[in-house]
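Working notes for the structure below.
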2 protein chains.
Amino acid sequence: MVRSPTFSPLYQQIKALIMQSLGQGEWKPGELIPSEVELSLRFGVSQGTVRKAIDELSNENLLVRRQGKGTFVATHNEARAHFRFLRLVPDTGEPKYPESRIVEFKRLRLPADITRLLELKAGESGFVISRVLSFNAKPTVLDEIWLPLGPFKGLSIEQLNAWSGPLYGFFESTFDVCMVSAEERIKAVSADKTQADLLGVDQGFPLLYVERLSRAFGDKPVEVRRGWYVTDNFYYKNELS
Amino acid sequence: MVRSPTFSPLYQQIKALIMQSLGQGEWKPGELIPSEVELSLRFGVSQGTVRKAIDELSNENLLVRRQGKGTFVATHNEARAHFRFLRLVPDTGEPKYPESRIVEFKRLRLPADITRLLELKAGESGFVISRVLSFNAKPTVLDEIWLPLGPFKGLSIEQLNAWSGPLYGFFESTFDVCMVSAEERIKAVSADKTQADLLGVDQGFPLLYVERLSRAFGDKPVEVRRGWYVTDNFYYKNELS
DNA sequence: AAGTGGTCTAGACCACTTT
DNA sequence: AAGTGGTCTAGACCACTTC
């Protein structure tokens, strides 16, 4: 009922409040959030206004509505989320989740291009993970994953090896870092010697190069990922509208 | 007020009716459609129900709302639509619309893979257009555009050469074919001799290969496009959420 | 001033899930 | 039966555009 001094619509303010609660961990991934009626009482607005806020958060994949049950915080540890950030599809047959093999794990001072993307000060420390993803034992993706130290304090290679499933599910369960959106920049490149060896192709083989900047709640950038994809039997799928 | 026998929500039925009017050309791209109040009277439902139908169509980029003015049919002949289906962005600097040069135009019997994608009978006729897109006189994209004969009857190379701007705008103005969605399959490949010559790169140079199936109203497939992109100074941009 | 889309409310009823 | 999200309505007022 009360108009805020910012003049943004009420439902946007409610949306911001809900996002704040999500970011502060009041409701964790996979959990049930309060019902629309409860939230409308808590915020002192009508149910319809809460509804519109939740509608948008649901469209942005932050929340998931289930009729009769309630509204849940989205999680990467669910079958339905497994292909949200993995757009690689086999030319024939169904999408399948790959196996992961960690090639390298290091703590180090991050290079300048990474700190710039992650909005850190030059020279700050972090981690880099190299891994190979394989479909049916066929190496297909070489990933280089750059992380800032802060949110991932205590990350170890033992943890990584013990985890099977989406890395974003691991980040969410272990570090309360929930990936919410990402921007990808895609190019075609030639495989260098190292890449060719790890992926089992010839040097110079054309690879799909995918550079991703991922963001957590509050649009905070928390991961830079560089992927090299072998696309003779797979393709990157994108829907336009 | 009246429940249809299909049991789909009212606003979905209204949405379908509006899409039907769009598909039949009752309202053309760029035109103003009737106001929400008018539509609610016409369909015998409340304004809120019409509103929800238009909300979805607006999210799907079929309609554009403008406060105080009304709701308009989306068009490709507008600056805001120019980069909806062109995701190529320069590494540095602002997106810019390319110049197009037609390399080849032919009427022919379509190959089997094209007729299958376009859901035509084997051996049906159509057109193929080859063109090169250049940014600041630098050839960057080689496109091969396959069209069915039916919707594009009368298409000629003179028309194509006379048109500057997005091809989808031309299709919309000249043939009432409005592209509404598309699915892209992206790979990395090596340039063959022909492609290398047209794009001014060496044979074997890595190219981004983009195969697109575009659909008009009613999800009717009406174009297959194969593009080879030079990505040493450009990237394909994609947002995930 | 009149017309448009945008927001907000209150209340009714439906469909689904759980108890 | 009770609680949840999903749909639909009717009416009020706001913000923007045009006349």
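Residue numbers start from 1 in every chain, and the chains themselves are labelled A, B, ... in the order their sequence lines are given, proteins ahead of strands.
Using a 4.0 Å cut-off between charged side-chain N and carboxylate O, A/Lys96 and A/Glu94 make no salt bridge. Between A/Lys52 and B/Asp55, no side-chain nitrogen of the basic residue sits less than 4.0 Å from a carboxylate oxygen of the acidic one, so the salt-bridge criterion is not met. Classification of A/Glu99 and A/Arg101 as a salt-bridged pair fails, no side-chain N sitting under 4.0 Å from a carboxylate O.
Atom CG of A/Leu39 and atom C1' of D/dG3 are 15 Å apart (whole Å). Rounded to whole Å, the distance from CD1 on B/Ile33 to P on C/dT4 is 12 Å. Here the C1' atom of nucleotide D/dC16 and the CZ atom of B/Phe72 are 13 Å apart, to the nearest Å. Going from atom CD of B/Gln47 over to atom P of C/dC8 covers 16 Å, rounded to whole Å. Between the CG atom of A/Leu10 and the C1' atom of D/dA12 there is a distance of 15 Å, rounded to whole Å. Put simply, CG on A/Leu57 is 15 Å from C1' on D/dG5, counting in whole angstrom units. Here D/dT7 presents its P atom at 9 Å from CZ of A/Arg65, a figure rounded to the nearest Å. Counting to the nearest Å, the P atom of C/dA10 and the CD atom of A/Glu36 are 15 Å from each other.
To the nearest 0.5 Å, atom CZ of residue B/Phe83 and atom NZ of residue B/Lys237 are 11.0 Å apart.
Using a 3.5 Å distance cut-off with no hydrogens or angles, the side chains of B/Asn238 and A/Tyr236 do pair a donor with an acceptor.
Out of C/dG5, C/dC8, C/dT9, the shortest distance to the side chain of A/Pro9 is found at C/dC8. When the nucleotides D/dG6, D/dT7, C/dT4 are ranked by their closest atom to the side chain of B/Tyr11, D/dT7 comes out on top.
Nearest-nucleotide assignment on DNA chain D puts the 5′-proximal partner with B/Thr49, out of B/Thr49 and B/Gly68. For the pair A/Ser46 and B/Asp55, nearest-nucleotide mapping onto DNA chain C gives the more 5' position to B/Asp55. Two residues, A/Lys69 and A/Gln12, neighbour DNA chain C, and the one matched to the more 5' nucleotide by heavy-atom proximity is A/Gln12.
Of the residues B/Val177, B/Ile114, B/Leu120, the one that meets the side-chain contact (heavy atoms from CB on, under 4.5 Å) test with B/Pro148 is B/Leu120. For the side-chain contact (heavy atoms from CB on, under 4.5 Å) with A/Ile102, the qualifying choice from A/Asp143, A/Ile157, A/Val132 is A/Ile157, the only one to do so.
OP1 or OP2 of C/dT7 sits under 4.0 Å from a side-chain N or O of A/Lys52. Within the 4.0 Å cut-off from OP1 or OP2 of C/dG5, not a single side-chain nitrogen or oxygen of B/Arg66 is found. Here A/Ser35 does not reach the OP1 or OP2 of D/dG3: none of its side-chain N or O atoms lies under 4.0 Å away.
Residue contacts for B/Gln67: at a heavy-atom cut-off of 4.0 Å it reaches a base atom on one of the strands shown. B/Arg51 comes within 4.0 angstrom of a nucleotide base, judged by non-hydrogen atoms across all strands.
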Pair pattern of DNA chain D in dot-bracket, where unpaired bases get dots and | marks partners in another strand, Watson-Crick or G-U under 3.5 angstrom: ||||||||||||||||||.
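Between the side chain of A/Arg42 and the backbone N or O of A/Pro34, no donor-acceptor pair lies under 3.5 Å.
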